[in-house]
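Beneath this line is the structure, given in structure tokens, with notes to follow.
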Amino acid sequence: MRSMLFVPGDSDRKMRKASACGADALILDLEDSVALPKKPEARQIVARFLAEAPRGAGAPKLIVRINALDTGLTGDDLAAVMTGAPDAILLPKAGSGAEIQELDARIGVEEADADLPAGHTRIHALMTETAAGLLAAGSFSGKSGRLSALAWGAEDLAADIGASSNRNENGHYTDVFRLARSMTILAAANAGVDAIDTVFTDFRDMEGLDDECRAAVRDGFSGKMAIHPDQVSVINAAFTPAPEDVDRAVRILTLFSAAGPDAGVLSLDGKMIDRPHVRQAERVARRAGLDPDALPGSG
């Protein structure tokens, strides 16, 4: 997924409007954008939207950001929304891989109660919103087969460590936040999941957004979160690979699939390619909206 748009969970109107903005996924938010007294109502609004929203080709994936595990609100969030079969649950302020394991178990119970196939619901995690999560970056690997993306956040991390700002006078992230960004890429690669870039808060600065997107693509992020519908088209354009890159990725995947699971080093266009090239080709294919396992010659 290239673009993931946050939408307040207490506004059915905003969720329905966001469905048509072109985002690859909507993050239906039960956390920061919903005041505590309104959370019960927001759960019901999100549950109803999940039940009624179109699914499948052309429709955005539906991800629910629940409240953090230490808030005491997680159980009520999951009980309300899992009957609507969200595509994924986004865990904020994820402190370690152990929290991913706990969420996995909770989701499994709710899936069974809702008669959903086991493993249907994926997990995304915001892993740098606290110092603890950042310091535990290596622990997120291998804790759950549901985990499919790790994202980073700069705003909550600033509050957690007491920073007055996450950017310097030139508008660039300061060292702590650059570290958080880098650790997210490394942790995602270590876990074999997608790395998702944080939001760009100045939703009127499209040039700045594009610059940040291009840097994210260069450094290995698979997509970016958004806070405004107008940001979606810029993000999609930046994260959509060039046709020649897609063509090469498809050729690599087809070649290795035809060679069988024991294939090591092969040749393409006179150059040697190996398994790291396959992993990169899979990322390019997914960003292009292709399923690497459904390409010709796969399986």
Side-chain angles (χ1 to χ4, degrees), residues 1-5 22-25 55-61 63 87-88 119-120 122-124 140-142 144-152 181-197 209-226 231-299:
M1 290 180 285
R2 303 162 300 174
S3 54
M4 285 138 278
L5 175 65
D24 290 340
R55 301 293 184 96
K61 298 289 187 181
I63 302 167
D87 294 293
H120 167 272
R122 311 302 291 174
I123 292 175
H124 293 195
F140 288 91
S141 178
S144 169
R146 297 180 189 273
L147 186 66
S148 60
L150 290 172
W152 80 284
R181 180 180 182 276
S182 298
M183 290 302 293
T184 302
I185 297 172
L186 295 172
N190 184 50
V193 302
D194 289 339
I196 306 300
D197 198 20
L209 172 63
D210 184 64
D211 288 343
E212 197 163 281
C213 288
R214 301 291 173 183
V217 172
R218 176 199 66 209
D219 292 342
F221 284 101
S222 298
K224 188 172 182 65
M225 297 179 293
Q231 295 180 318
V232 169
S233 60
V234 176
I235 294 172
N236 284 348
F239 281 91
T240 299
E244 56 270 23
D245 293 338
V246 177
D247 177 70
R248 176 174 172 78
V250 170
R251 292 169 65 204
I252 289 172
L253 294 172
T254 302
L255 183 66
F256 268 86
S257 178
D262 295 329
V265 178
L266 301 176
S267 176
L268 180 68
D269 298 333
K271 296 182 179 180
M272 305 304 290
I273 56 174
D274 54 15
R275 288 295 168 181
H277 293 94
V278 174
R279 292 194 293 272
Q280 178 64 16
E282 289 172 342
R283 294 189 186 100
V284 171
R286 287 196 297 270
R287 281 171 45 210
L290 302 175
D291 180 356
D293 295 327
L295 295 172
S298 64

Would you call L253 and V278 a side-chain contact if the rule is heavy atoms closer than 4.5 Å?
->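 Yes; the side chains approach each other to less than 4.5 Å.
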Is there side-chain contact between I273 and L255, with at least one heavy-atom pair below 4.5 Å?
->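 Side chain of I273 against side chain of L255, heavy atoms only: contact under 4.5 Å found.
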Non-neighbouring partners of [X] that pass side-chain contact (heavy atoms from CB on, under 4.5 Å), sequence neighbours left out:
{"X": "A23", "result": "S3, L5, C21, L26, V232"}
{"X": "A215", "result": "R181, R218"}
{"X": "A189", "result": "none"}

Find the distance between [atom1] ([X]) and [atom2] ([Y]) and round it off to the nearest 0.5 Å.
{"X": "K61", "Y": "M4", "atom1": "NZ", "atom2": "CE", "value": "12.5 Å"}
{"X": "R2", "Y": "D197", "atom1": "CZ", "atom2": "CG", "value": "15.5 Å"}
{"X": "L150", "Y": "L186", "atom1": "CG", "atom2": "CG", "value": "11.5 Å"}
{"X": "M183", "Y": "W152", "atom1": "CE", "atom2": "CH2", "value": "13.0 Å"}
{"X": "D194", "Y": "L147", "atom1": "CG", "atom2": "CG", "value": "10.0 Å"}

Apply salt bridge (Lys or Arg N to Asp or Glu O under 4.0 Å) to [X] and list each qualifying residue two or more places apart in sequence or on a separate chain.
{"X": "D210", "value": "R214"}
{"X": "E212", "value": "R167, K224"}
{"X": "R248", "value": "none"}
{"X": "R122", "value": "none"}

Considering non-hydrogen atoms only, spot the tightest contact between [X] and [Y] and give its length.
{"X": "L268", "Y": "I252", "answer": "CD2-CG1, 3.6 Å"}
{"X": "I123", "Y": "S144", "answer": "CD1-OG, 4.2 Å"}
{"X": "V217", "Y": "A238", "answer": "CG2-O, 3.4 Å"}
{"X": "V193", "Y": "A149", "answer": "CB-N, 3.8 Å"}
{"X": "S141", "Y": "N190", "answer": "OG-O, 3.2 Å"}
{"X": "F239", "Y": "A216", "answer": "CZ-CB, 3.8 Å"}

Under the rule for side chain to side chain donor-acceptor pair (under 3.5 Å), what residues qualify as partners of [X], not counting sequence neighbours?
{"X": "T184", "answer": "none"}
{"X": "S148", "answer": "H124"}
{"X": "D245", "answer": "none"}
{"X": "D87", "answer": "none"}

Sorted by first residue and then second, give each salt bridge (charged side-chain N to carboxylate O under 4.0 Å, His left out) pair with at least one member in residues 270-280; sequence neighbours left out.
->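 Checked against salt bridge (charged side-chain N to carboxylate O under 4.0 Å, His left out) - neighbours excluded - no pair reaches residues 270-280.
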Is it the case that R283 and S222 place a side-chain donor and acceptor less than 3.5 Å from each other?
->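 Per modelled atom types, R283 and S222 side chains form no pair under 3.5 Å.
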